[in-house]
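Contents: one structure, followed by commentary.
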Protein chains: 2
Amino acid sequence: MTTIQRVADLAGVSTATVSRSLAGKSSVSPATKERVEAAAKELGYVVSSAASSLASGRTRNIGFILPDLDSWFFMAVLKGAQRMLADAGYDVTLYHLPAANGLDVDEPGTARRARLFDEILRRQRCDALIAVNLELDEREREALRELGRCLVGLGGPVHGVHSLGLDDTAVAYDATTHLLSLGHTAIAHITGDAEFERDFAMPATRRAGYESALAEAGIESDPLLVRTADFTIAGAYEATKQLLADPHVHPTAVFAASDEMAIGAILAARDLGLSVPEDLSVMGVDGHDLADFFGLTTIDQYPEQQGQRVAELVLSELAGEGVEAVVERLPYALVQRSSTSIAPPLHSPITP
Amino acid sequence: MTTIQRVADLAGVSTATVSRSLAGKSSVSPATKERVEAAAKELGYVVSSAASSLASGRTRNIGFILPDLDSWFFMAVLKGAQRMLADAGYDVTLYHLPAANGLDVDEPGTARRARLFDEILRRQRCDALIAVNLELDEREREALRELGRCLVGLGGPVHGVHSLGLDDTAVAYDATTHLLSLGHTAIAHITGDAEFERDFAMPATRRAGYESALAEAGIESDPLLVRTADFTIAGAYEATKQLLADPHVHPTAVFAASDEMAIGAILAARDLGLSVPEDLSVMGVDGHDLADFFGLTTIDQYPEQQGQRVAELVLSELAGEGVEAVVERLPYALVQRSSTSIAPPLHSPITP
DNA sequence: CAGCACCTTGTAAGCGTTTACATTGAGGAG
DNA sequence: CTCCTCAATGTAAACGCTTACAAGGTGCTG
């Protein structure tokens with residue numbers, strides 16, 4: 001182990017000067033700094049993060065808490081954040097927060113969740129926490145507050161904390177309005193099931209946006225046109241099949257709450273012999289890698305940039321720059337591709 | 001901050017005893033242990049990881065190095081590993097290792113890569129490293145060796161290091177043999193481009209397995225039947241379209257090197273008006289979440305279990321149990337679904 | 001030329017644990 | 001009863017760095 005003492009000896013200065021030098025503090029003469037750097041390089045010296053953390057109270061590590069490791073969206077966000085943080089010299093430690101489904105308190109997921117708040121995060125391994133899409137109960141919120149760490153939420157409106165998020169109502173409103181402007185009136189909505197997704201207010205919010213756009217257009221919203229599924233291709237595929245097979249409704253457009261769901265909808269339509277967009281327009285939300293491939297019209301929310309942005313925010317807060325905005329709305333944009341077009345003349349899409 | 005001293009005071013013992021107690025060392029009387037635990041709980045004491053690391057040299061943190069954050073496969077592996085490690089009390093820190101494409105040395109990716117080896121990993125933040133699918137050059141290998149940390153590779157055969165991996169030749173051989181056994185003789189192969197994927201020996205290995213199976217069946221392999229693309233749905237989609245449009249070849253089956261590629265192949269076939277499996281059998285490798293949805297016959301390599309397994313290995317090595325196997329072959333299994341069936345009578349699939 | 005301000009550097013006191021070693025006391029063997 | 005062993009605990013020295021504070025110089029001002 002090459003310690004700071006060795007570097008100090010080689011450079012002929014004290015360890016304090018080495019520390020200051022390497023930390024880029026101003027009060028070191030250029031000549032000394034150069035000598036120190038040369039010595040450090042020669043010895044291949046790198047600070048020990050444990051010692052540094054213990055002495056300074058800073059870890060140069062950011063915790064990234066997310067509800068799922070196998071969702072495309074979260075990974076895109078993580079990617080953006082990781083890159084920015086790494087470039088700033090921060091490591092990223094991953095914490096998986098299983099949904100607390102509230103049903104079964106003794107269930108392992110709940111125990112894991114409690115453990116995260118009671119032990120893991122309290123080990124002081126992180127300077128700051130980024131929490132994606134999570135809704136906390138009061139006890140958990142309190143636990144985080146006690147940590148006294150910088151905490152910023154992305155997506156889920158973490159109460160009383162800096163957070164970034166889409167204006168989900170506006171997003172859904174805009175998407176629906178796009179379909180309305182194409183002449184669609186029977187617009188279905190595929191979204192997540194609010195019951196199951198306790199950690200996740202988004203489905204309800206998006207649905208509200210969808211309904212308000214309809215209302216504004218003077219269209220009464222039909223509960224039969226709203227279907228729920230989990231946020232997967234397969235889930236939406238099933239939901240869409242059922243929707244399209246239902247003789248009581250004849251949607252000419254589907255607004256899905258995520259791109260993966262929208263892809264499921266497209267595949268379902270195809271398998272029922274419907275053409276997209278001739279028989280059915282489909283749009284999603286996200287800006288998924290595959291959106292282009294499927295020609296999917298979508299509301300792009302630039303997930304990778306979201307990650308970057310949240311990282312920036314954390315970095316500037318750590319740098320002591322007072323960040324005022326407690327809630328920041330993220331940008332989004334409608335990207336028009338080939339999965340939406342003007343409404344076909346009214347007919348039952350199942351029997352062309 | 002509630003320190004160990006406070007706990008010691010409250011329990012009426014020395015800090016040494018508290019430390020021993022909480023670490024579960026044997027030489028503490030049950031009565032004392034109980035008192036210490038009660039005190040710790042009352043004060044909500046949790047050890048400071050920095051102090052503990054500095055004193056003990058152990059970090060309780062594992063580094064997970066991977067070439068990509070947006071590949072389904074890596075995330076599945078990560079998920080399995082993260083869960084197992086978290087349950088063992090370890091945190092997981094993510095390191096992104098951009099491919100060193102060798103072309104442009106000054107390119108930022110290369111700089112980032114160098115930095116990872118020269119600085120980041122040397123900060124001693126991890127007790128062990130798990131490296132997924134990466135090929136190192138000599139300098140990098142040396143850098144890792146110098147770390148003196150436990151290192152295990154998954155996938156990419158990290159030279160001279162414990163590693164887990166599929167027998168890619170056997171996998172491809174078995175897949176191809178499956179198609180042969182269904183009567184196919186014109187079997188195409190969609191795989192990664194070995195040139196571009198410098199960090200990735202797998203495409204070549206799988207291709208070898210594919211060819212050896214053909215050879216064993218007395219079939220001469222036709223270079224026109226082998227197409228390359230990046231490992232994405234979209235890439236394979238294009239490659240498959242070109243393959244199927246090529247008048248010189250008439251494949252009745254496609255073996256794709258990954259499930260995502262296989263899905264691309266299925267979608268391409270559909271878009272050309274071919275039915276899967278009637279006109280074209282398709283199979284992949286991985287065990288993708290979506291394989292079931294697409295009825296994809298595949299060789300499941302249980303990525304999540306791979307993550308668990310690699311985590312287990314690391315944990316037992318850290319526990320000091322001498323692990324002997326330097327290379328461990330991972331299990332896999334053919335899962336037959338509806339995307340493969342017996343070969344159709346010979347004809348050009350493009351003009352039925 | 002004294003006095004002052006400021007820049008650079010060194011000194012040394014932590015930071016909160018772990019752990020080698022010393023100490024104490026109890027129980028068992030002889 | 002003495003001596004030895006061993007279990008349980010305490011003492012105190014690291015662990016490798018950061019940083020408040022002190023000290024020494026330099027150059028300027030008046």
Side-chain angles (χ1 to χ4, degrees), chain A residues 1-37 39-40 43-61 89 119 122-127 147-148 318 320, chain B residues 1-37 39-40 43-61 89 119 122-127 147-148 318 320:
Chain A
M1 250 264 67
T2 123
T3 68
I4 199 176
Q5 183 63 60
R6 287 248 255 286
V7 179
D9 292 348
L10 180 56
V13 295
S14 71
T15 61
T17 300
V18 176
S19 177
R20 282 188 287 248
S21 234
L22 266 27
K25 307 263 184 179
S26 48
S27 60
V28 177
S29 78
T32 309
K33 184 162 183 175
E34 201 174 324
R35 241 177 331 131
V36 168
E37 271 162 5
L43 297 176
Y45 170 76
V46 173
V47 313
S48 145
S49 63
S52 176
S53 301
L54 182 56
S56 71
R58 273 169 272 109
T59 64
R60 304 231 122 217
N61 189 47
E119 293 179 36
R122 305 185 57 202
R123 294 204 267 250
Q124 311 176 73
R125 208 193 275 291
C126 307
D127 288 337
L147 280 186
L318 286 178
Chain B
M1 249 263 67
T2 123
T3 68
I4 200 175
Q5 183 64 60
R6 288 248 255 287
V7 179
D9 292 348
L10 180 56
V13 296
S14 71
T15 62
T17 300
V18 175
S19 178
R20 281 188 288 249
S21 234
L22 264 27
K25 307 264 182 178
S26 48
S27 58
V28 177
S29 77
T32 309
K33 183 162 184 174
E34 201 173 326
R35 240 175 334 129
V36 168
E37 272 162 4
L43 298 175
Y45 170 76
V46 172
V47 314
S48 145
S49 64
S52 176
S53 300
L54 181 57
S56 71
R58 274 169 272 110
T59 64
R60 304 231 122 219
N61 188 45
E119 293 178 36
R122 304 185 57 202
R123 294 205 267 250
Q124 311 176 72
R125 209 193 274 291
C126 308
D127 289 336
L147 280 186
L318 286 178

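Labels below follow one simple rule: chain letters A, B, ... track the order of the sequence lines, proteins then strands, and each chain is numbered from 1. Since the structure is predicted, the reported quantities are computational estimates derived from the model, not experimental observations.
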**OP:** Could you pull out all residues at least two apart from B/Gln5 that satisfy side chain to side chain donor-acceptor pair (under 3.5 Å)?
**Re:** B/Asp9
Subject >> Value in whole Å for how far the P atom of D/dC17 lies from CZ of A/Arg60 >> reply: 16 Å
Original post:
What residues form a side chain to side chain donor-acceptor pair (under 3.5 Å) with A/Arg123, not counting sequence neighbours?
Top reply: B/Asp91
Subject >> B/S/- contact track for nucleotides 10-19 of chain C, protein heavy atom under 4.0 Å >> reply: BB--BBBBBB
Original post:
Are the side chain of B/Arg35 and the backbone N or O of B/Val13 linked by a donor-acceptor pair below 3.5 Å?
Top reply: no
**OP:** Would you indicate, yes or no, if D/dT9 has its OP1 or OP2 atom less than 4.0 angstrom from a side-chain nitrogen or oxygen of B/Thr32?
**Re:** yes
Original post:
Mind checking what makes side-chain contact (heavy atoms from CB on, under 4.5 Å) contact with A/Leu10, not counting sequence neighbours?
Top reply: A/Ala39, A/Glu42, A/Leu43
Original post:
Under the side chain to side chain donor-acceptor pair (under 3.5 Å) test, which residues partner B/Ser29, sequence neighbours left out?
Top reply: B/Thr32
Subject >> Set of residues satisfying side chain to side chain donor-acceptor pair (under 3.5 Å) with respect to B/Thr59, sequence neighbours excluded >> reply: B/Asp127
**OP:** Quick one: list whatever passes side-chain contact (heavy atoms from CB on, under 4.5 Å) with A/Ala55, sequence neighbours left out.
**Re:** none
Original post:
Of all residues at least two apart in sequence or in a different chain, which pass the side-chain contact (heavy atoms from CB on, under 4.5 Å) check with A/Ala16?
Top reply: A/Ser14, A/Arg20
**OP:** To the nearest 10°, let me know how far the axis at one end of the helix from C/dC1-D/dG30 to C/dG30-D/dC1 is tilted from the axis at the other, five pairs an end.
**Re:** 40°
**OP:** Please list, chain by chain and in numerical order, all residues satisfying side-chain contact (heavy atoms from CB on, under 4.5 Å) with B/Ile4, sequence neighbours excluded.
**Re:** B/Thr15, B/Val18, B/Ser19, B/Tyr45
Dump every N/O contact between nucleotides 25-27 of chain D and the protein below 3.5 Å, one line per pair.
none

Original post:
Sequence neighbours excluded, which residues qualify as salt bridge (Lys or Arg N to Asp or Glu O under 4.0 Å) partners of B/Glu119?
Top reply: B/Arg115
